[in-house]
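These notes concern the structure reproduced below.
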Amino acid sequence: MPESGLVAGPFEVGGRAVSMALLTGVPGFADGPFTVDGRTAVGEVTLHNRDELHAALAAAGRPVEPGTPDGELLLRCWLALGPEGLRAADGMFTLAVLDGPDLVLVRDHTGARTAFHCRTRDGGWAVSSSLRALRRRPDVDTGLDLAAVRSFLTFAYLPGTETLLRGVSELLPGKVTRLGADGSVRIEEFWEPQARTLDLTDEQQYASGLRELLERAVARRLPDGQDVAVLLSGGVDSSLVTALAARLHDRPVHTYSISFGNELPNELGYSGLVAAHCGTRHRVLTVPGEQVAARLADTVALLDSPVGDPLTVPNLMLAEAVAGDGLSVSLNGEGGDPVFGGPKNLAMLVFELLRDDPSEQARADAYLHTYRKCWEDLPVLLTGEALAELDALGPAAHPRRHVAPYLTDRRMPSLLDQLLHCNLRTKGAHHILTKVERLTASQGVQGRSPLFDRQVVEHAFATPSALKLRATEEKWILKEAVRDLLPDTVTYRPKSGMRVPVQQWLRGPLSELTGDLLLGAGARARGLFRADTVETWMHGGGLLLPRQGGKLWLLLTLELWLRAYDL
């Protein structure tokens, strides 16, 4: 495992302190410090196409040694080739570069890794791949950002640059962020998916082109000379990654699935069928509610921002199982829905057909409704003091600001493409990928997501919407590209998703913890939530549909995270 605890800096630039740090005890894959052409950098960098980058540097007259570390190789690509050098890099990376008086921060195309930045009391900059590291700095003033609390309750994660720490911003994927010594922040794009037309004549050409890119994406992410793990849910996305890994890898493929008990609906029949079909070494991990209750606080504390996803503890247990089997790379099927169009888009497409309010705000608000989290409940959930403080912030701080630009982007030819672009840049970068990275990295495992591959994403956005959503068949082009790999019962079955027994956990092993935390002295003193609403939800009332479990899970996750960060 690469060193997980490397400190670089602080540096003095123009009389100002600049700190770039990957701190001891923070899960990750530290790289650096290293200096090239007078620029010093640190980062967390894993590249999948080193040979291509070496060739590009050689063609530019800037050849490098074959054993150059990934972080240094990425830095050299940027210095020699500019934004094109970053665009050409296939991998997971965040890089901080001291460039004269400025600090330059880079986050990979889709957001597999991330970092955060803020001002220090003396006017300098502090940057880290760990939000906790910034929270602990004595020269940084951080408190709870109430607008971010509202965003989390709306989305179940934090989209965009927003964090729960006031004054601390997250990097945006596909961007170069330049922090000036004068306090300025300039953000430049080096990659963004484009809606373009491919010179193809029929749908099978789109499918075959996608298949080629999928094979390359999986092949690049397979570890040389080592067994590989695949997290296999039984859905088409993780199943196709499993099938391609089994075909392309010259070492055994280990697959891992989750069970919450035989008495609950599950997808184990499908995952077992795929494992047998592909000849993998398969394990099923049973996750009892008692274990979720015992481990939830520690799991939440590993995350830079809370994620209202009840699969966090099971995801961590999968990473532990992978590490316990001696494997260091784990593939997953994340990305199929945000890139190719899963079921969450259907509600918006129906709304567009039926809506009578033509305003752009109406579309953005409808999108917030589709999340079905706590946004509509805020008037009865938040205290009067919290609501008044949010009202004073005005519309500029409203959660719709995170999605409206994507849903009105005329560069995308259809509403479906606008929705996919929004999903990719919000949930993909700030929920799916960051959750995978933090939880797997905590066990020394690299979680790799082939369906978020840059070229796969580019092909998806160049594919006509009618091939992604064909009548009522979601992700049609993805299924068509891999239909020879899997049994039809797997490829074309209706999507059900993993049934997580949140309601049962909250009524059983988590009931006491939930009550103690959400109705305890600490939560009451913080003054965010109305205790009567929380009590009503805990007793199963207050909502027309039985969705109290998901909403309480958000509150519980947030409360545990705030306690872990001493907020």
**OP:** Evaluate the ring planes of Y157 and F155, with Trp represented by its six-membered ring, and classify them as parallel (under 30°), tilted (30 to 60°) or perpendicular (over 60°).
**Re:** tilted
Original post:
Distance only, no hydrogens: is a donor on one side chain within 3.5 Å (strictly under) of an acceptor on the other, for S129 and E44?
Top reply: yes
Original post:
Looking at D325 and R283, does any basic side-chain N land under 4.0 Å from a carboxylate oxygen?
Top reply: yes
**OP:** Find out whether the Lys NZ or Arg CZ of K468 is both under 6.0 angstrom from the six-membered ring centre of F461 and within 45° of the ring's axis.
**Re:** yes
**OP:** Any chance you could measure L131, atom CG, to L164, atom CG, to the nearest 0.5 Å?
**Re:** 8.0 Å
**OP:** For L506 and G549, work out which heavy atoms get closest and say how close.
**Re:** CD1-O, 3.3 Å
**OP:** Using a 4.5 Å cut-off on heavy atoms from C-beta on, say whether the side chain of Q418 contacts that of Y406.
**Re:** no
**OP:** Would you check, one step at a time, whether the test side chain to side chain contact (heavy atoms under 4.5 Å, CB included) holds for F93 with D70?
**Re:** CA-CA 9 Å; F93 52 84; D70 282 0; over 6 Å; no
Subject >> Worked verdict on T46 versus Q446 for side-chain hydrogen bond (donor to acceptor under 3.5 Å, both in side chains) >> reply: CA-CA 9 Å; T46 299; Q446 287 195 17; 3.3 Å; yes
**OP:** Provide the closest heavy-atom pair for P399 versus T154 in the form atom of the first, atom of the second, distance.
**Re:** CG-OG1, 3.8 Å
Original post:
H54 versus L73: any side-chain heavy-atom pair under 4.5 Å?
Top reply: yes
**OP:** Quick one: do K479 and E473 satisfy salt bridge (charged side-chain N to carboxylate O under 4.0 Å, His left out)? Show the steps, please.
**Re:** CA-CA 10 Å; K479 296 173 182 178; E473 185 70 42; 2.5 Å; yes
Subject >> Atom of F452, atom of L433 and distance for their closest heavy-atom approach >> reply: CD1-CD2, 3.7 Å
**OP:** Check each of L331, L240, L213 against V218 using the side chain to side chain contact (heavy atoms under 4.5 Å, CB included) test, and report the only one that passes.
**Re:** L331
Original post:
When rounded to the nearest 0.5 angstrom, what distance separates CD in E334 from OG1 in T110?
Top reply: 12.0 Å
**OP:** Rounded to the nearest 0.5 Å, what's the gap from CG on L420 to CZ on R425? Could you check?
**Re:** 13.0 Å
**OP:** Show your working on side-chain hydrogen bond (donor to acceptor under 3.5 Å, both in side chains) between R216 and Q455 and close with a plain yes or no.
**Re:** CA-CA 10 Å; R216 180 161 57 183; Q455 292 180 308; 3.1 Å; yes
Original post:
Would you call R113 and D108 a salt bridge, using N to O less than 4.0 angstrom?
Top reply: no
Original post:
Do D90 and H48 have a side chain donor and acceptor closer than 3.5 Å?
Top reply: no
Subject >> Pairing of E360 and R363 as salt bridge, 4.0 angstrom limit >> reply: no
**OP:** Kindly state whether the ring of W505 and the ring of F260 have centres lying under 6.0 angstrom apart.
**Re:** yes
**OP:** Check whether any side-chain N or O of R221 sits under 3.5 Å from a backbone N or O of R448 as a donor-acceptor pair, and report yes or no.
**Re:** no
**OP:** Begin from the C-alpha positions of R355 and D357 and carry the test salt bridge (charged side-chain N to carboxylate O under 4.0 Å, His left out) through to its verdict.
**Re:** CA-CA 6 Å; R355 71 169 169 152; D357 183 345; 5.6 Å; no
Original post:
Side chains of F340 and D237: does their closest heavy-atom pair fall under 4.5 Å?
Top reply: no
Original post:
If you round to the nearest 0.5 Å, how far is CG of L451 from CG of D337?
Top reply: 10.0 Å
Original post:
Which distance, rounded to the nearest 0.5 Å, do you find between the CG of L485 and the CZ of R247?
Top reply: 4.5 Å
Subject >> Side-chain heavy atoms of D365 within contact of R400, under 4.5 Å >> reply: yes
**OP:** For S238 and L232, work out which heavy atoms get closest and say how close.
**Re:** OG-CD1, 3.7 Å
Original post:
Can Q226 and R251 be counted as having a side-chain donor-acceptor contact under 3.5 angstrom?
Top reply: no
Subject >> Distance-only side-chain donor-acceptor flag, E192 / H109, under 3.5 Å >> reply: no
**OP:** Applying side-chain hydrogen bond (donor to acceptor under 3.5 Å, both in side chains) between E480 and each of R211, K475, R470, Q204, report the one that passes.
**Re:** Q204
**OP:** Determine whether Q205 and D202 make a side-chain contact, defined as any pair of heavy atoms from C-beta on separated by less than 4.5 Å.
**Re:** yes
Subject >> Separation of T299 OG1 from K435 NZ (nearest 0.5 Å) >> reply: 11.5 Å
Original post:
Between E458 and W191, does any side-chain donor sit less than 3.5 Å from a side-chain acceptor?
Top reply: yes
Subject >> Donor-acceptor side-chain pairing of E170 and T163 below 3.5 angstrom >> reply: no
Original post:
Would T255 and T280 satisfy side-chain hydrogen bond (donor to acceptor under 3.5 Å, both in side chains), going step by step from the backbone distance to the final call?
Top reply: CA-CA 6 Å; T255 48; T280 68; 2.7 Å; yes
**OP:** Decide yes or no on side chain to side chain contact (heavy atoms under 4.5 Å, CB included) for Y256 and S233, but give the supporting numbers first.
**Re:** CA-CA 8 Å; Y256 300 79; S233 69; over 6 Å; no
**OP:** Decide salt bridge (charged side-chain N to carboxylate O under 4.0 Å, His left out) for D377 and K551; before the verdict, give the C-alpha distance in whole Å, the side-chain angles of both, and the deciding distance to 0.1 Å.
**Re:** CA-CA 9 Å; D377 305 296; K551 296 173 189 288; 2.7 Å; yes
**OP:** Locate the shortest heavy-atom distance separating H402 from S151; write the atom from each residue and the value.
**Re:** NE2-OG, 3.6 Å
Subject >> Residues V322, Q443; criterion side chain to side chain contact (heavy atoms under 4.5 Å, CB included); working and verdict >> reply: CA-CA 9 Å; V322 170; Q443 303 304 309; over 6 Å; no
Subject >> CG (D51) with more than 12 external heavy atoms under 6.0 Å >> reply: no
Original post:
Given side chains that start at C-beta, do those of L416 and N345 come closer than 4.5 Å, heavy atoms only?
Top reply: yes
Original post:
Under 3.5 Å, is there a donor-acceptor pair between the N315 and D309 side chains?
Top reply: no
Subject >> Side chain N332, main chain L231, donor-acceptor under 3.5 Å >> reply: no
**OP:** Determine whether L222 and V329 make a side-chain contact, defined as any pair of heavy atoms from C-beta on separated by less than 4.5 Å.
**Re:** no
Subject >> Greater than 12 external heavy atoms within 6.0 Å of D224's CG >> reply: no
**OP:** Consider only side-chain N and O atoms of H430 and E162, and report whether a donor and an acceptor are under 3.5 Å apart.
**Re:** no
Original post:
Is it true that the side chains of S414 and S465 contain a donor and an acceptor less than 3.5 Å apart?
Top reply: yes
**OP:** Look only at the side chain of D409 and the backbone of P405, and say whether a donor-acceptor pair between them is shorter than 3.5 Å.
**Re:** no
**OP:** For the pair R483 and D488, find out whether any cationic side-chain nitrogen is under 4.0 Å from an anionic carboxylate oxygen.
**Re:** no
Original post:
Closest heavy-atom contact between G447 and T440?
Top reply: N-OG1, 3.5 Å
**OP:** Before giving the answer on side chain to side chain contact (heavy atoms under 4.5 Å, CB included), spell out for T463 and L210 the whole-Å C-alpha distance, their side-chain angles and the decisive distance to 0.1 Å.
**Re:** CA-CA 10 Å; T463 298; L210 176 58; over 6 Å; no
**OP:** May I ask you to test the T94-T114 pair for a side-chain heavy-atom distance under 4.5 Å?
**Re:** no
